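I am attaching a structure below and will ask some questions about it afterwards.
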Amino acid sequence: MDTLVIRDEQFLHHDPGPGHPDNPARLAAVHASLDDTPIPGTRSVAPRPASSSELQRIHTPSHVDRVAATEGLERGQLDVDTTTSAMSYQIALHAAGAVVQAVEAVIHQQASGAFALVRPPGHHAEAQGSMGFCLFNNVAVAAAHAIAEGDCRRVLILDPDVHHGNGTQHVFEERHDVLYISSHRYPFYPGTGAVDEIGKGKGEGYTINLPLSEGARDGDLLHLYRHIVDPVVRSWAPDLILVSAGFDTWHRDPLGGLSVTEEGFSALFRLFQSWAQEACPGRLVAALEGGYDPKGVVAGVRAGLTALVDREDAPTHRIGSPSQNTVETTEHLRQILAPSWASLLS
């Protein structure tokens, strides 16, 4: 089966305003790259919109109504940095629906993996409000759908965006059927994502935050995923893996402040693919989040799609070693998480 690419020109028509970082050019560059140099083993389809019931598994009716009220307005303001244009509501419905559609495709064995190339992004959106360029929480909506209507009892969400996905963490932090793992620059916007945020109640241990210092490189990122996430994921064996695929960790991203390269993106996604191949073959779905240098977004998407198609290990000789700070963070994380995950002690 081919890997599914869900894309549509309508995602280019969400316009947050002049000078806004989430501009259409970042996704237009991806479209152009895939059209000019297609990736064999992929096929493209158009998205469908999310339904109200799908959205309301995550979002309150009042939040959905507030976003809907922006339809047709030249400019709406949902948050200090989250604005809309006339078509943004319908586009946001299709962004969330695209990720649900991707999940349905892999669950029903209609694709061997999927990448939803969507705007606006989603992981900052809270149950009751928009935030950080995000209208609806696309990946969270899809995760809830997989549990409610798929055959998934354990859903893993991986969030390597440079910003912590506060919205995704908060909607699932008291649940043990969704394991949320975020790597991000810390301290940084939105201020959440400390190592001691590990979930609450039945969800304790099912939130894992991997903080990275400013300037962190490929070796730092991969060290945390290999030494903390790998043993946890292999012991948990998810039924579905969702990736909040942000590429603002790119070394030239204007907002990120990290130093991840194309080789880092490739190694990371191939690690994700290895977990899927072991636990839930064919059930790996990525959804575009941040990334504000078009070249970085193109590099990340192509690396992710290539990993989804190839399913082979990437060479790691160019990844480099972690910093001492990352090594120390890894040991601190192991101590915090070991009571919940015995696999970290072996």
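Hydrogens, waters and symmetry mates are skipped; everything else that's a heavy atom, side chains included, is used. All figures in this text were calculated on a predicted structure; none of them were measured in a lab.
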Exercise. Answer yes or no: does atom CZ of Arg48 have more than 12 heavy-atom neighbours from other residues, nucleotides or ligands under 6.0 Å?
Key: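 Enclosed.
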
Practice problem: Apply ring pair (Phe, Tyr, Trp, His ring centres under 6.0 Å) to His164 and Tyr186, showing your working. | Solution: CA-CA 8 Å; His164 178 247; Tyr186 185 86; 8.3 Å; no

Quiz item: Below 4.0 angstrom, N of the basic side chain to O of the carboxylate: do Asp177 and Arg175 qualify?
Solution: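 Yes.
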
Quiz item: Do Gln90 side-chain atoms and Met87 backbone N/O form a donor-acceptor pair below 3.5 Å?
Solution: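 Absent.
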
Quiz item: How far does CG of Asp293 sit from NE2 of His251, to the nearest 0.5 angstrom?
Solution: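 NE2 of His251 is found 8.0 Å from CG of Asp293.
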
Self-check item: Expected output: side-chain Ser33 to main-chain Ala29 donor-acceptor under 3.5 Å
Solution: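 A pair under 3.5 Å: no.
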
Quiz item: Any side-chain heavy atom of Val301 sitting closer than 4.5 Å to one from Phe247?
Solution: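 Val301 vs Phe247: side chains touch.
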
Quiz item: Any chance the side chains of Gln169 and Thr207 put a donor and an acceptor closer than 3.5 Å?
Solution: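 Distance-only check fails for Gln169 and Thr207.
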
Quiz item: Do Phe115 and Val100 belong together in a cluster built from hydrophobic side chains that touch within less than 4.5 Å?
Solution: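 No.
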
Quiz item: So, does Asp220 use its side chain to make a donor-acceptor pair with the main chain of Thr326 at under 3.5 Å?
Solution: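 Not a single qualifying donor-acceptor pair exists.
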
Self-check item: Rounded distance (nearest 0.5 Å) linking atom CG of Leu212 with atom OG of Ser183
Solution: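 One gets 6.0 Å once the value is rounded to the nearest 0.5 Å.
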
Quiz item: Side chains of Val106 and Leu284: does their closest heavy-atom pair fall under 4.5 Å?
Solution: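 A side-chain contact under 4.5 Å is absent here.
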
Exercise. Give the intermediate values and the outcome of side chain to side chain contact (heavy atoms under 4.5 Å, CB included) for residues Val30 and Leu27.
Key: CA-CA 5 Å; Val30 175; Leu27 184 54; 4.3 Å; yes

Quiz item: Near His332 NE2, under 6.0 Å, is it more than 12 heavy atoms from other residues, nucleotides or ligands?
Solution: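 Check fails, neighbour count at 12 or below.
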
Quiz prompt | Minimum-distance pair of heavy atoms, taken over all atoms of Val309 and Pro40 | solution =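 Closest approach of Val309 to Pro40, heavy atoms only: CG1-O, 3.3 Å.
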
Quiz item: Is the His94 to Phe11 ring centre distance short of 6.0 Å?
Solution: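 Here the rings of Phe11 and His94 have centres that are no less than 6.0 Å from each other.
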
Practice problem: For Arg66 and Leu78, indicate whether the former's side chain and the latter's backbone hold a donor-acceptor pair under 3.5 Å. | Solution: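 Looks like yes, one N/O pair under 3.5 Å.
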
Self-check item: Validation row: Thr42, Thr3 side chains within 4.5 angstrom (heavy atoms)
Solution: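 Thr42 reaches Thr3 side chain to side chain.
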
Quiz item: Distance-only, no hydrogens or angles: does the Asp248 side chain make a donor-acceptor pair with backbone N or O of Asp253 under 3.5 Å?
Solution: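 Here the side-chain-to-backbone pair does not exist.
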
Self-check item: For the student: nearest non-hydrogen atoms of Ala102 and Ala114, plus distance
Solution: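 Distance-wise, the nearest heavy atoms are CB-CB, 3.7 Å.
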
Quiz prompt | Within-4.5 Å side-chain heavy-atom neighbours: Arg75 and Ser85 | solution =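 When only atoms from C-beta onward are counted, Ser85 and Arg75 do touch, with a gap below 4.5 Å.
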
Exercise. Look at the side-chain heavy atoms of Ile, Leu, Val, Met, Phe, Trp and Tyr, link any pair under 4.5 Å apart, and say whether Val195 and Val233 land in one connected group.
Key: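 In one cluster: yes.
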
Quiz item: Testing Ile241, Leu242, Leu308 for side chain to side chain contact (heavy atoms under 4.5 Å, CB included) with Val285, which one passes?
Solution: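 For Val285, the side chain to side chain contact (heavy atoms under 4.5 Å, CB included) test succeeds with only one of Ile241, Leu242, Leu308, which is Leu242.
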
Practice problem: Could you tell me whether the side chain of Val67 reaches within less than 4.5 Å of the side chain of His59, counting heavy atoms only? | Solution: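 With C-beta onward as the side chain, the pair stays apart.
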
Quiz prompt | Step-by-step side chain to side chain contact (heavy atoms under 4.5 Å, CB included) determination, Arg270 to Thr306 | solution = CA-CA 9 Å; Arg270 288 177 188 272; Thr306 300; 3.4 Å; yes

Exercise. Without swapping roles, check the side chain of His145 against the backbone of Gln101 for a donor-acceptor pair under 3.5 Å.
Key: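 It does not hold such a pair.
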
Quiz item: With a 4.5 Å limit on heavy-atom distance, are the side chains of Gln128 and Ser62 in contact?
Solution: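 The answer is no, as the side chains (C-beta and beyond) never meet within the 4.5 Å cut-off.
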
Quiz item: Once you round to the nearest 0.5 Å, how far does CG of Asp8 lie from CZ of Arg119?
Solution: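 Taking CG in Asp8 and CZ in Arg119, the distance rounds to 12.5 Å.
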
Exercise. Apply ring pair (Phe, Tyr, Trp, His ring centres under 6.0 Å) to Phe188 and His163, showing your working.
Key: CA-CA 7 Å; Phe188 201 46; His163 302 102; 5.1 Å; yes

Self-check item: Backbone of Arg154 reached by a side-chain donor or acceptor of Asp239 within 3.5 Å
Solution: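 Indeed, once roles are kept as given, a pair shorter than 3.5 Å links the two residues.
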
Quiz item: Should Leu305 and Leu288 be regarded as members of a common hydrophobic cluster, given that ILVMFWY residues are connected when their side-chain heavy atoms come within less than 4.5 Å of each other, either directly or indirectly?
Solution: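 Same hydrophobic cluster.
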
Quiz item: What are the two closest non-hydrogen atoms of Ala98 and Pro47, and how far apart are they?
Solution: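 Looks like CB-CB, 3.7 Å.
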
Self-check item: Closest non-hydrogen atom pair, Trp341 against Ile208
Solution: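 Reported closest heavy-atom pair: NE1-CD1, 4.1 Å.
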
Self-check item: Nearest atoms (heavy-atom pairs only) where Thr329 meets Pro211
Solution: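 Minimum heavy-atom separation between Thr329 and Pro211: CG2-CG, 3.9 Å.
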
Exercise. Report the C-alpha separation of Leu337 and Val232 in whole Å, then their side-chain angles, then the decisive distance to 0.1 Å, and conclude whether the side chain to side chain contact (heavy atoms under 4.5 Å, CB included) test is met.
Key: CA-CA 10 Å; Leu337 296 168; Val232 169; 5.7 Å; no

Quiz item: Among the clusters formed by ILVMFWY side chains lying less than 4.5 Å apart, do Leu156 and Ile107 turn up in the same one?
Solution: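 No, Leu156 and Ile107 fall in different hydrophobic clusters.
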
Quiz item: Do Ser323 and His223 come within less than 4.5 Å of each other through their side chains, counting heavy atoms only?
Solution: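 Sidechains of His223 and Ser323: no contact.
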
Quiz item: Of all heavy-atom pairs between Leu135 and Ser88, which one has the smallest distance, and what is that distance?
Solution: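 Answer, listing the atom of Leu135 first, then Ser88: CD1-O, 3.9 Å.
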
Quiz item: Is the number of heavy atoms from other residues, nucleotides or ligands within 6.0 Å of CD (Glu74) greater than 12?
Solution: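 No, the 6.0 Å shell around CD holds no more than 12 heavy atoms from other groups.
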
Quiz item: Going from SG on Cys134 to NE2 on His123, what distance comes out if it is rounded to the nearest 0.5 angstrom?
Solution: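 That separation rounds to 5.5 Å.
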
Quiz item: Would you call Asp151 and Arg283 a salt bridge, taking side-chain N to carboxylate O under 4.0 Å as the test?
Solution: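 A salt bridge is present here (some side-chain N lies under 4.0 Å from a carboxylate O).
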
Quiz item: Nearest 0.5 Å, what's the CG-OG1 distance between Asn166 and Thr192?
Solution: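 Here the interatomic distance stands at 4.5 Å.
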
Quiz item: Do Ile6 and Val99 belong to the same hydrophobic cluster, where Ile, Leu, Val, Met, Phe, Trp and Tyr are linked whenever their side-chain heavy atoms lie under 4.5 Å apart, directly or via other members?
Solution: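 Different clusters.
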
Self-check item: Audit row: Ser244, Asp161, side chain to side chain donor-acceptor pair (under 3.5 Å) steps and yes/no
Solution: CA-CA 7 Å; Ser244 277; Asp161 191 279; over 6 Å; no

Quiz prompt | Atom pair CG (Asn209) and CD1 (Ile228), whose distance is rounded to the nearest 0.5 Å | solution =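 CD1 of Ile228 is found 12.0 Å from CG of Asn209.
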
Quiz item: Between the main-chain N or O of Gly201 and the side-chain N or O of Glu174, is there a donor-acceptor pair closer than 3.5 Å?
Solution: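 Absent.
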
Quiz prompt | Main-chain N/O of Gly193 paired to His184 side chain as donor or acceptor, under 3.5 Å | solution =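 Side chain of His184 to backbone of Gly193, a donor-acceptor pair under 3.5 Å: yes, one is there.
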
Self-check item: Side-chain heavy-atom pair Val229, Leu158 within 4.5 angstrom cut-off
Solution: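 Yes, their side chains come closer than 4.5 Å.
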
Quiz item: Is the CZ atom of Arg153 crowded by more than 12 outside heavy atoms at less than 6.0 Å?
Solution: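 Atom CZ in Arg153 is not crowded, with 12 or fewer foreign heavy atoms closer than 6.0 Å.
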
Quiz item: Can you check whether Gly122's main-chain N or O pairs, donor with acceptor, with Glu289's side chain at less than 3.5 Å?
Solution: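 Yes, because the side chain of Glu289 sits within donor-acceptor range (under 3.5 Å) of the backbone of Gly122.
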
Self-check item: Over 12 foreign heavy atoms within 6.0 Å of CD, Glu149
Solution: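 Result for CD/Glu149: enclosed.
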
Quiz prompt | Within 6.0 Å of CD in Gln109, more than 12 heavy atoms from elsewhere | solution =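 Atom CD in Gln109 is not packed in, count stays at 12 or less.
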
Exercise. Determine, stepwise, if the pair Trp275 / Trp236 fulfils side chain to side chain contact (heavy atoms under 4.5 Å, CB included).
Key: CA-CA 10 Å; Trp275 297 335; Trp236 197 53; over 6 Å; no

